[in-house]
Amino acid sequence: MPTRVAIDAMGGDRAPAVVVEGAVEAVQQSEGSLHVLLVGVPVEVEPLIPAGMEHIEVAPASEVIGMDESPASAVKSKRDSSIHVGLGLVRSGQAEAFASAGNTGAVMAASLFTLGRIAGVSRPTIAGYYPTVDSFCTVLDVGANVDCKAEHLAQFAHMGSVYAERVLKRTNPSVALMNVGEEPGKGDEATKAAFELLSEATSINFIGNIEGRDLLKHGADVVICDGFVGNVMLKLGESIADVLGHFLAAEMKAQDLDEAQRRVVKSVLAGVARRFDYETMGGVPLLGVNGNVIIGHGGSTAAAITQMILRAGELVEHDVANRIAASLA
């Protein structure tokens, strides 16, 4: 039986067109292993689906939560939104995963309301990716929880370790705590207490503290921090490719490089920039809710949507939610 993934057809800056396009590509790439439910307003979604497409169907939803709406009020007032309906399909067993490039806050709030938390999880977390000299590392949290207690950080470590091992195929993934110094005893009270909790954990490979300078050097497979720090790091990473382009353009002009030389430099920069391109991963998992949820960038292209759906299928394939529950038991 194909894995059934519900995707928010109305979510994102360029929905529903790019969502449908991305869904078609995901189904074709999966060669029959995925079945996609496009959740949205039928009159807007159905005309975009190519004729004769197998493994794609529309799940009707009459309302849309806008990108700029208040998550709290929208989740309460728009109970037939594409986000609510998609998550409801997961809860009822009609879909095994949900993905959305829509309002992130609304997806998080509705996921908690509809699916609930995994036993042992106080706060679900968003796991982001950061390019390093050795592929990439996983950073938790990247914005879902701005203020964290020590036990929240410890839970992030367990969830991130399971995800890195099961989905990203990292054997015995190393886990580190982002801090202002490597020595034990560094940091604020929450970080110091989290260090103690993680040092006592036997089911994860905790290697201690790392500093910001270690991130790009792949200081660990999984890096733990609160959502304030994680979001700053994520946004900084997103800016690197653009800033490097600016620096290189200015330097090429200063050195008076000819057109052929500039093309070579630009080609090298393009290769580096791809490491920071969110489209290569598509979306990031919301870990800790009692179901499989992927959150995408609001500006997602069709290519990013395709990757989101494939990542959602991987969460199902590797039974991540149940593995997290077992790790925290």
Side-chain angles (χ1 to χ4, degrees), residues 1-12 19-20 22-40 45 49 53-61 80-102 104 106-121 124-127 159-160 162-169 281-296 300 304-328:
M1 285 286 292
T3 298
R4 298 172 67 84
V5 176
I7 185 159
D8 179 6
M10 315 307 294
V19 180
V20 175
V24 170
E25 178 63 23
V27 166
Q28 291 174 338
Q29 287 190 27
S30 75
E31 298 181 340
S33 66
L34 290 178
H35 184 96
V36 175
L37 295 88
L38 292 162
V39 187
V45 178
I49 303 173
M53 276 300 304
E54 295 184 8
H55 296 304
I56 287 185
E57 62 179 289
V58 175
D80 198 49
S81 73
S82 53
I83 292 173
H84 280 86
V85 173
L87 288 165
L89 293 171
V90 175
R91 183 180 62 185
S92 66
Q94 298 176 72
E96 294 156 284
F98 175 69
S100 175
T104 298
V107 174
M108 289 178 54
S111 295
L112 279 170
F113 176 78
T114 305
L115 303 177
R117 297 176 178 86
I118 291 173
V121 173
T125 178
I126 298 177
M159 290 189 279
V162 169
Y163 182 75
E165 183 171 21
R166 300 295 299 179
V167 178
L168 304 179
K169 305 300 183 185
M281 298 303 292
V284 294
L286 176 61
L287 302 177
V289 294
N290 196 22
N292 301 299
V293 179
I294 294 286
I295 296 175
S300 290
I305 296 294
T306 297
Q307 293 304 313
M308 283 175 58
I309 296 171
L310 297 177
R311 297 292 84 75
E314 288 177 348
L315 289 179
V316 178
E317 177 186 356
H318 299 294
D319 198 22
V320 171
N322 286 330
R323 295 285 179 172
I324 287 173
S327 177
L328 292 171

OH of Y163 to CD of E314: how many Å apart, nearest 0.5 Å?
6.5 Å

To the nearest 0.5 Å, tell me how far R166 CZ sits from S327 OG.
11.5 Å

Smallest heavy-atom separation, A61 atom then V39 atom, equals CB-CG1, 4.1 Å

Side chains of K169 and H318 in contact at under 4.5 Å (non-hydrogen atoms)
yes

Any side-chain heavy-atom pair of V36 and H55 under 4.5 Å:
no

Taking the side chain as everything from C-beta on, heavy atoms only, tell me whether L89 gets closer than 4.5 Å to L37.
yes

Can you check side-chain contact (heavy atoms from CB on, under 4.5 Å) on L115 and F98, steps first, answer last?
CA-CA 11 Å; L115 303 177; F98 175 69; over 6 Å; no

Closest non-hydrogen contact found for A6 with G86 is CB-O, 4.1 Å

Rounded to the nearest 0.5 Å, how far apart are CG of D319 and CD of E96?
10.5 Å

Between S82 and M10, which heavy-atom pair has the shortest distance, and what is it?
OG-CB, 3.7 Å

Can you find a heavy atom in the side chain of L87 that is under 4.5 Å from one in the side chain of V293?
yes

Between CD of Q28 and CG of L34, what distance do you get to the nearest 0.5 Å?
12.0 Å

With rounding to the nearest 0.5 Å, note down the distance linking CZ in R117 to CG in L112.
5.0 Å

Are the side chains of I295 and I126 in contact, using a 4.5 Å heavy-atom criterion?
yes

Is S33 reaching over with its side chain to a backbone N or O of S30, donor-acceptor style, under 3.5 angstrom?
yes

State, yes or no, whether a side-chain contact exists between V162 and M159 at a heavy-atom distance under 4.5 Å.
no

Could you report the tightest heavy-atom contact between I83 and A110, atom names first, then the distance?
CG2-CB, 3.8 Å

Roughly how far apart are T3 OG1 and L310 CG, rounded to 0.5 Å?
11.0 Å

I309 versus I7: any side-chain heavy-atom pair under 4.5 Å?
yes

E54 side chain to H35 side chain, donor-acceptor N/O pair below 3.5 angstrom:
no

Can you see which heavy atom on L328 is nearest to which on A119, and at what distance?
CB-O, 4.3 Å

Heavy-atom nearest pair, A127 first then V284, reads O-CB, 2.9 Å

Evaluate the side-chain proximity of P124 to V289: yes if any heavy-atom separation is below 4.5 Å, no if none is.
yes

Are the side chain of S300 and the backbone of G296 linked by a donor-acceptor contact shorter than 3.5 Å?
no

Look at the side chain of T306 and the backbone N and O of G22, then say whether any donor-acceptor pair between them is shorter than 3.5 Å.
yes

Thinking salt bridges, do R311 and E317 make one under a 4.0 Å N-O criterion?
no

